[in-house]
**Q** 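Take a look at the following structure, please.
Values below: all heavy atoms of this structure, side chains included; hydrogens, waters and symmetry mates excluded.
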Amino acid sequence: RGLRYLVQKTRTVYPEWLGLRTSYGLNGVVVRSEDLPGFRDYLLRHQARLPPDLLWTEWVEGTRADVRERTNARKLIVYRYNLFEH
């Protein structure tokens, strides 16, 4: 119920959100289904360079030009408590 509430609230406040972090690593990451193909492609292209959780951080921060084209400086929402164990 907690995760569902966070996603609904995020959609209400930031309709074009990029990601929602609820814990450490990738097990605490929620990505919109619309963004999954782009993120999947990014992971496949760069998996030899960095671990997936760091690639996700790079994706949401938009530190690379190829990422900024897809993410358009949308918001990363971070929940203040951890919902999952890592």
Side-chain angles (χ1 to χ4, degrees):
R1 289 172 44 169
L3 185 57
R4 183 178 297 160
Y5 168 79
L6 287 175
V7 171
Q8 289 173 344
K9 182 154 181 133
T10 299
R11 284 181 178 163
T12 301
V13 177
Y14 300 103
E16 294 298 317
W17 58 283
L18 179 60
L20 173 62
R21 181 176 281 287
T22 62
S23 190
Y24 298 100
L26 278 180
N27 74 328
V29 167
V30 178
V31 178
R32 293 174 4 140
S33 58
E34 297 88 357
D35 293 318
L36 283 175
F39 181 56
R40 178 203 59 215
D41 295 344
Y42 189 73
L43 280 176
L44 290 173
R45 275 195 314 274
H46 298 283
Q47 64 184 337
R49 190 170 56 81
L50 286 172
D53 54 339
L54 295 180
L55 287 172
W56 186 79
T57 301
E58 192 174 80
W59 171 265
V60 296
E61 289 177 352
T63 55
R64 297 173 52 97
D66 57 337
V67 173
R68 283 191 298 273
E69 292 171 6
R70 288 187 166 269
T71 59
N72 299 319
R74 290 181 285 148
K75 298 274 187 200
L76 166 65
I77 310 305
V78 180
Y79 187 54
R80 68 197 285 180
Y81 302 110
N82 287 324
L83 295 183
F84 302 102
E85 293 182 20
H86 185 258

**Q** Hey, what do you get for CG (L6) to CZ (R4), rounding to the nearest 0.5 Å?
**A**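 These two atoms lie 12.0 Å from each other.
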
**Q** Sequence neighbours left out, what passes salt bridge (charged side-chain N to carboxylate O under 4.0 Å, His left out) with R49? Give chain and number order.
**A** E58

**Q** Ignoring hydrogens, what is the shortest heavy-atom contact between L3 and V30? Give both atom names and the distance.
**A** CD1-CG2, 3.9 Å

**Q** What pairs with R45 under side chain to side chain contact (heavy atoms under 4.5 Å, CB included), at least two apart in sequence or on another chain?
**A**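 Expected list: D41, Y42, D66.
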
**Q** Exactly one of L76, V31, N72, V60 should register a side-chain contact (heavy atoms from CB on, under 4.5 Å) with L18. Which one does?
**A** V60

**Q** Linking I/L/V/M/F/W/Y whenever their side-chain heavy atoms sit closer than 4.5 Å, directly or via other members, would F39 and L44 fall into one cluster?
**A**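 In one cluster: no.
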
**Q** What are the two closest non-hydrogen atoms of R21 and T57, and how far apart are they?
**A**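 That would be NH2-OG1, 4.1 Å.
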
**Q** For R32, which residues count as a side chain to side chain contact (heavy atoms under 4.5 Å, CB included) partner, sequence neighbours excluded?
**A** E16, W17, E34, D35, R74

**Q** Mark yes when over 12 heavy atoms from residues, nucleotides or ligands other than R11 sit less than 6.0 Å from its CZ; otherwise mark no.
**A** no

**Q** Pick one: which of V29, V67, L54 meets side-chain contact (heavy atoms from CB on, under 4.5 Å) with W59?
**A**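 For W59, the side-chain contact (heavy atoms from CB on, under 4.5 Å) check succeeds only for V67.
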
**Q** Excluding sequence neighbours, so at least two apart, what forms side chain to side chain contact (heavy atoms under 4.5 Å, CB included) with T12?
**A** none

